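Comments concern the structure below.
Quick caveat, the model's predicted, so the values are computed rather than measured. Quick note on labels: first sequence line is chain A, next is B, and so on, each numbered from 1.
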Number of protein chains: 2
Amino acid sequence: MQRDVCTQVEEFLRERHYKLTVPRREVIRILHESHTPLSVQEVYQQLQDIKADIASVYRTINLLCELGVLTRLDFQEKLYRYELSDPFTPHHHHLICKKCGNIENVFEQCLPAGFEEKIRQRSGFAIESHILEFYGVCETCSEQATSDP
Amino acid sequence: MQRDVCTQVEEFLRERHYKLTVPRREVIRILHESHTPLSVQEVYQQLQDIKADIASVYRTINLLCELGVLTRLDFQEKLYRYELSDPFTPHHHHLICKKCGNIENVFEQCLPAGFEEKIRQRSGFAIESHILEFYGVCETCSEQATSDP
DNA sequence: GTGGCTGCAAAAAATTTGCATCTCC
DNA sequence: GGAGATGCAAATTTTTTGCAGCCAC
């Protein structure tokens, strides 16, 4: 059975001699428990009882991004969203509905084998990661569009 | 021979009864002439002699994004970048070098045929567009890394 | 001629920073 | 005990907005 992801992240930080403070643990927990990527404001709002400052949320999220623990995503809203990165969550992509804004994950489908290697051969560019997001209309919204003229 | 892209965008706006003012034309021209996506600040700085306000640059860029003329991109910097979208520029993706920040275009390589259709079948999600960006180290930077220990 | 833009200035929103205090190791 | 984090408040940066005057159509 897989070890708890929060513990993994905490060990990752401990190994690098970062202190495991309450605000940091909470930010990690909130991001881990969320099924969709969260904005800074959303993380801050979910802190509730733990009275951490928004400056600490920013500092924690920036730190985790620099360390590669978090990936920052842009879904064409007026904010950034964050989620745990590849080592701490299964590799996946997103479907973003242009109508309702809902975000779904796609785990099954990724770039075909050799795709990045072909690019390296042509450009000499050594690819380490990619971001792939799909925009469209989700099933629910397209059904509504058909019934509501 | 293909008609000038700036003219195409201008006609697109005219058809929708938007006025073709000097600031709008300039923003379109600057974005069209750039080989890489630009930030709002960069567009503003390139205006130089034409003394347009940065508020107008924001308004123009926001308008063009809403109309789908521009695509907003996030390369994990602390700003957004913009470039002309699909109908006004050939479909392509980007290689972003993590070391020097350089951005290259990839025109040749895109998602294989049927990729988006497979996702639709599994999720019911009707995909209209996608964003795909690659992060890694460009040829120049990886050569430097080998020689400089 | 006039409605939609622009420039300007001011406001709002988002993010960062300085510093005294606190707390994790 | 001490380095490093936090909270708070202030500063900075980014983006939006109100409004009078201007200009593309």
Side-chain angles (χ1 to χ4, degrees), chain A residues 6-7 9-31 37-67 69-82, chain B residues 6-7 9-31 37-67 69-82:
Chain A
C6 286
T7 312
V9 175
E10 288 176 9
E11 279 188 17
F12 180 94
L13 291 178
R14 195 179 292 120
E15 285 165 8
R16 284 156 186 78
H17 310 294
Y18 290 104
K19 290 184 181 172
L20 290 177
T21 62
V22 173
R24 282 184 182 163
R25 284 165 173 274
E26 280 301 296
V27 169
I28 293 165
R29 184 188 59 76
I30 289 166
L31 283 164
L38 299 177
S39 68
V40 170
Q41 293 294 335
E42 285 169 344
V43 171
Y44 179 60
Q45 281 156 21
Q46 291 192 29
L47 284 169
Q48 295 185 351
D49 38 331
I50 283 81
K51 28 76 192 137
D53 197 80
I54 193 154
S56 295
V57 176
Y58 273 107
R59 282 188 277 228
T60 299
I61 286 180
N62 287 346
L63 173 68
L64 295 176
C65 277
E66 283 164 25
L67 295 175
V69 174
L70 289 183
T71 300
R72 189 178 82 185
L73 299 165
D74 170 33
F75 294 151
Q76 309 287 321
E77 303 160 291
K78 35 190 116 164
L79 42 80
Y80 293 117
R81 294 185 173 278
Y82 300 85
Chain B
C6 287
T7 313
V9 175
E10 288 176 9
E11 279 188 17
F12 181 94
L13 291 177
R14 195 178 292 119
E15 285 165 8
R16 284 156 185 77
H17 309 294
Y18 290 104
K19 290 184 180 173
L20 290 176
T21 62
V22 173
R24 282 183 181 164
R25 285 164 171 275
E26 280 300 297
V27 169
I28 293 164
R29 184 188 58 77
I30 288 167
L31 283 164
L38 299 177
S39 68
V40 171
Q41 294 294 336
E42 285 169 344
V43 171
Y44 179 61
Q45 281 156 20
Q46 291 191 28
L47 285 169
Q48 296 186 348
D49 39 330
I50 283 82
K51 28 74 193 141
D53 197 80
I54 192 153
S56 295
V57 177
Y58 273 106
R59 283 188 277 228
T60 300
I61 286 180
N62 287 346
L63 173 68
L64 295 176
C65 277
E66 282 164 26
L67 295 174
V69 174
L70 289 184
T71 299
R72 189 178 81 184
L73 299 165
D74 170 32
F75 294 151
Q76 308 287 320
E77 304 161 291
K78 34 190 114 167
L79 41 79
Y80 294 116
R81 294 184 173 279
Y82 301 85

Next item on the list: Do nucleotides 10-22 of chain D as a string where each nucleotide becomes B, S or -: B if the base has a protein heavy atom under 4.0 Å, S if just the sugar-phosphate does, - if no protein is that close.
Entry: ----SBBBB----
List, with names and distances, any nitrogen or oxygen atoms from the protein found under 3.5 Å away from nitrogen or oxygen atoms belonging to nucleotides 3-5 of chain C.
{"unit_1": "C:dG3", "atom_1": "N2", "unit_2": "B:K19", "atom_2": "NZ", "d": "2.4"}
{"unit_1": "C:dG3", "atom_1": "N3", "unit_2": "B:K19", "atom_2": "NZ", "d": "3.2"}
{"unit_1": "C:dC5", "atom_1": "OP1", "unit_2": "B:R24", "atom_2": "NH1", "d": "3.1"}
{"unit_1": "C:dC5", "atom_1": "OP1", "unit_2": "B:R24", "atom_2": "NH2", "d": "3.3"}

Using a cutoff of under 3.5 Å, can you pull out all pairs of nitrogen or oxygen atoms linking the protein to nucleotides 11-13 of chain C, with atom names and distances?
none

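Between the CZ atom of A:R72 and the C1' atom of C:dT15 there is a distance of 12 Å, rounded to whole Å. Rounded to a whole Å, the CZ atom of A:R25 is 14 Å from the P atom of D:dA5.
Screening residues 53-66 of chain A for side-chain hydrogen bond (donor to acceptor under 3.5 Å, both in side chains), with sequence neighbours left out, gives no hits.
Judged as a side chain to side chain donor-acceptor pair (under 3.5 Å), and not counting sequence neighbours, B:Q45 has no contacts. Partners of A:E11 by side chain to side chain donor-acceptor pair (under 3.5 Å), not counting sequence neighbours, listed by chain and number: A:R3. Applying the ring pair (Phe, Tyr, Trp, His ring centres under 6.0 Å) rule to B:F12 yields the partners B:F88; only residues at least two apart in sequence or on another chain are considered. With sequence neighbours left out, A:R14 forms a side chain to side chain donor-acceptor pair (under 3.5 Å) with no residue at all. With sequence neighbours excluded, no residue forms a side chain to side chain donor-acceptor pair (under 3.5 Å) with B:Q41. In this view, A:Y80 and B:Y80 satisfy the ring pair (Phe, Tyr, Trp, His ring centres under 6.0 Å) rule, not counting sequence neighbours.
Screening B:E42, B:R81, B:R72 against B:P37 for a side-chain contact (heavy atoms from CB on, under 4.5 Å) leaves a single residue, B:R81.
For the helix from C:dG1-D:dC25 to C:dC25-D:dG1, the rotation axes defined at the first and last 5 base pairs enclose an angle of 50°, given to the nearest 10°.
Between A:D74 and A:L79, the shortest heavy-atom distance links the atoms OD1-O, 4.4 Å.
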Less than 3.5 Å apart, which donor and acceptor atoms pair up between the side chains of residues 20-29 of chain A and the rest of the protein, not counting sequence neighbours?
{"unit_1": "A:R24", "atom_1": "NH1", "unit_2": "A:K19", "atom_2": "O", "d": "2.8"}
{"unit_1": "A:R25", "atom_1": "NH1", "unit_2": "A:E10", "atom_2": "OE1", "d": "3.3"}
{"unit_1": "A:R25", "atom_1": "NH1", "unit_2": "A:E10", "atom_2": "OE2", "d": "3.4"}
{"unit_1": "A:E26", "atom_1": "OE1", "unit_2": "A:R29", "atom_2": "NE", "d": "3.4"}
{"unit_1": "A:E26", "atom_1": "OE1", "unit_2": "A:R29", "atom_2": "NH2", "d": "2.7"}
{"unit_1": "A:E26", "atom_1": "OE2", "unit_2": "A:R29", "atom_2": "NE", "d": "3.4"}
{"unit_1": "A:R29", "atom_1": "NH1", "unit_2": "A:E33", "atom_2": "OE1", "d": "3.0"}

